[in-house]
There are 2 protein chains.
Amino acid sequence: MDTLRERKKQRTREALLRVAIELFTTRGYEQTTVDDIADAVGVSQRTFFRYFAGKEDAALALDAMTVSNFVDSVRARPPHEPPLEALRQAVLQGWDTLHEVVESVVPVERFLGMYRVIESTPVLLAAHLRRSAEVEEVLTRVLAEREGLDAATDPRPRLLVAVFSGVMRVTERQWSTDGEFSLEAMRALTVSHLELLGPALTGTWVPYTKT
Amino acid sequence: MDTLRERKKQRTREALLRVAIELFTTRGYEQTTVDDIADAVGVSQRTFFRYFAGKEDAALALDAMTVSNFVDSVRARPPHEPPLEALRQAVLQGWDTLHEVVESVVPVERFLGMYRVIESTPVLLAAHLRRSAEVEEVLTRVLAEREGLDAATDPRPRLLVAVFSGVMRVTERQWSTDGEFSLEAMRALTVSHLELLGPALTGTWVPYTKT
DNA sequence: GAGGCTAGTGACAGCCGCTGACAATTGACA
DNA sequence: TGTCAATTGTCAGCGGCTGTCACTAGCCTC
């Protein structure tokens with residue numbers, strides 16, 4: 001980890017990632033070529049592809065960090081918590097610790113900026129959604145194990161995770177299109193949407209007034 | 001619609017689609033180039049791209065047909081039905097009428113085959129999920145209008161649709177990985193998963209026994 | 001400290017998806 | 001039948017991505 005070689009590698013990777021995010025957020029994803037990134041770092045295109053599986057991979061790298069942080073939080077939740085509450089707490093915890101997770105690479109604002117890029121770039125959004133589906137798979141297994149159930153035969157963990165993820169997707173989307181683009185706004189939206197989950201599922205809807 | 005030109009165009013399009021599906025399901029999506037498809041039809045690559053926005057577009061064309069059939073069904077549901085029930089009935093109705101919708105292009109088996117291809121090809125799955133997100137948007141508006149709510153300020157229609165879509169995603173996935181690959185199996189899974197939605201959301205889970 | 005060993009890089013060639021531009025063809029319609 | 005418009009083919013080119021191979025630079029041993 002501390003040999004010169006390793007440090008050089010890590011520096012190259014971070015340089016590539018930083019430049020990529022910079023260009024994606026300023027110029028746009030489609031308007032940025034891999035060559036642009038590689039040239040800006042002073043490295044060959046081939047090298048870029050040795051560090052990232054593709055252009056998408058670089059664009060989603062930050063998000064991947066926060067996601068794995070979230071999954072860790074879920075695993076660390078006390079076992080007596082009901083599953084849905086464990087997910088809820090883990091997400092909120094994720095927002096609170098986002099700073100420490102992301103700041104080692106870029107300032108948090110850049111992360112927020114990338115979110116807008118992802119949400120507004122069809123091919124990136126698609127890749128993001130597919131990754132989310134993979135995360136759902138992982139969460140399903142975690143919850144099943146927590147509760148001593150068999151994820152292969154019992155659909156309930158999978159269903160709960162799917163519902164939860166659906167709510168979070170709605171939250172992400174509204175957040176990224178709203179004017180308010182802060183972590184506090186994200187927290188508030190998360191809480192409010194999860195509270196509305198019950199009422200939204202009732203047979204018929206009573207008139208709604210914003211609280 | 002019945003001029004010679006139009007008929008020729010439609011025939012070309014259907015030929016391209018049929019050949020594409022044939023190759024995708026037998027050889028695999030990634031292993032099939034656009035040139036393969038165009039050559040097999042006896043048409044230039046450029047022409048393929050005049051009929052389909054891309055390779056993905058051809059692979060998802062069948063699915064798009066069934067989806068729009070489903071959306072139509074939702075719109076046609078009687079207004080007194082609670083929203084979730086309307087979605088439920090529309091989906092089941094969708095499976096029942098799938099034959100008529102798809103058979104004009106390829107036999108139903110091919111459609112089922114394409115589903116496996118989509119589910120097992122990362123880039124296709126990603127595109128499929130993104131399209132599903134767009135469908136959610138449409139459904140949200142339909143439900144909001146049905147209930148006389150404003151989709152822009154009231155999150156409940158959006159949340160309900162997200163939850164419903166989450167359940168359907170789980171259903172699709174399990175169906176495509178199960179051995180049972182029939183419409184009846186899909187119907188049964190749909191019904192059972194929607195019934196389990198309530199129990200899956202309860203605070204704690206009681207032991208589960210398969211019915 | 002010189003040697004060989006290996007991980008990391010650059011340079012090159014090439015495939016595939018996709019697009020723009022223009023010329024050639026083929027159906028429509030007077 | 002001749003004119004016009006729609007459809008197609010050809011060609012050139014870009015960008016993402018991969019395989020190959022030679023080269024460089026850090027590592028490790030004697």
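Side chains included, hydrogens not; waters and symmetry mates left out as well; all remaining heavy atoms used. In what follows, every chain begins at residue 1, and chains take the letters A, B, ... in the order their sequences are listed. Being a predicted model, the structure only gives us computed values, none of them experimental.
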S.K.: Can a donor-acceptor pair be found between the side chains of A:T33 and A:D36 at a distance below 3.5 Å?
M.R.: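 There is such a pair (donor and acceptor under 3.5 Å, judged by atom type) between the side chains of A:T33 and A:D36.
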S.K.: In whole Å, I'd like the distance from the CZ atom of B:R50 to the P atom of C:dT19.
M.R.: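 So the CZ-P distance, B:R50 to C:dT19, works out to 12 Å.
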S.K.: Considering every strand and a 4.0 Å limit on heavy-atom distances, what is the contact class for A:Y51: base, sugar-phosphate, or nothing?
M.R.: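 Sugar-phosphate: the residue A:Y51, judged by heavy atoms under 4.0 Å, touches backbone atoms but no base.
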S.K.: Checking side-chain polar atoms at under 3.5 Å, does A:E6 have a donor or acceptor matched by the opposite partner on A:Q10?
M.R.: no
S.K.: Please report the end-to-end axis angle for the helix from C:dG4-D:dC27 to C:dA30-D:dT1, five pairs per end, rounded to 10 degrees.
M.R.: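 Between the first-five-pair axis and the last-five-pair axis there is 10°.
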S.K.: Is a donor-acceptor pair below 3.5 Å formed from side chain B:R7 to base C:dG27, judging by atom type as modelled?
M.R.: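 Side chain to base: no pair below 3.5 Å.
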S.K.: Do the charged groups of A:R11 and A:E14 touch, with an N to O distance under 4.0 Å?
M.R.: no
S.K.: Any salt bridge linking B:E119 with B:R169? Criterion: basic side-chain nitrogen under 4.0 Å from a carboxylate oxygen.
M.R.: yes
S.K.: Has A:K9 got a side-chain N or O lying under 4.0 Å from the OP1 or OP2 atom of C:dG8?
M.R.: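 Answer yes for this pair, as a side-chain N or O of A:K9 is under 4.0 Å from OP1 or OP2.
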S.K.: Among C:dT26, D:dC17, C:dC18, which nucleotide sits nearest the side chain of A:K55?
M.R.: D:dC17
S.K.: Counting distance alone, no hydrogens or angles: does the base of C:dT6 have a donor or acceptor under 3.5 Å from a partner atom on the side chain of A:R5?
M.R.: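 Donor-acceptor pair under 3.5 Å: yes.
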S.K.: Using the ring of each side chain (for Trp, its six-membered ring), is B:F111 parallel, tilted or perpendicular to B:Y115, with breaks at 30° and 60°?
M.R.: perpendicular
S.K.: Check this for me: does any side-chain nitrogen of one of A:R158 and A:E137 sit under 4.0 Å from a carboxylate oxygen of the other?
M.R.: yes
S.K.: If you take any heavy atom closer than 4.0 Å to DNA chain C, which residues from residues 30-47 of chain B end up in contact?
M.R.: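 Close to the strand are B:T32, B:T33, B:V34, B:Q45, B:R46.
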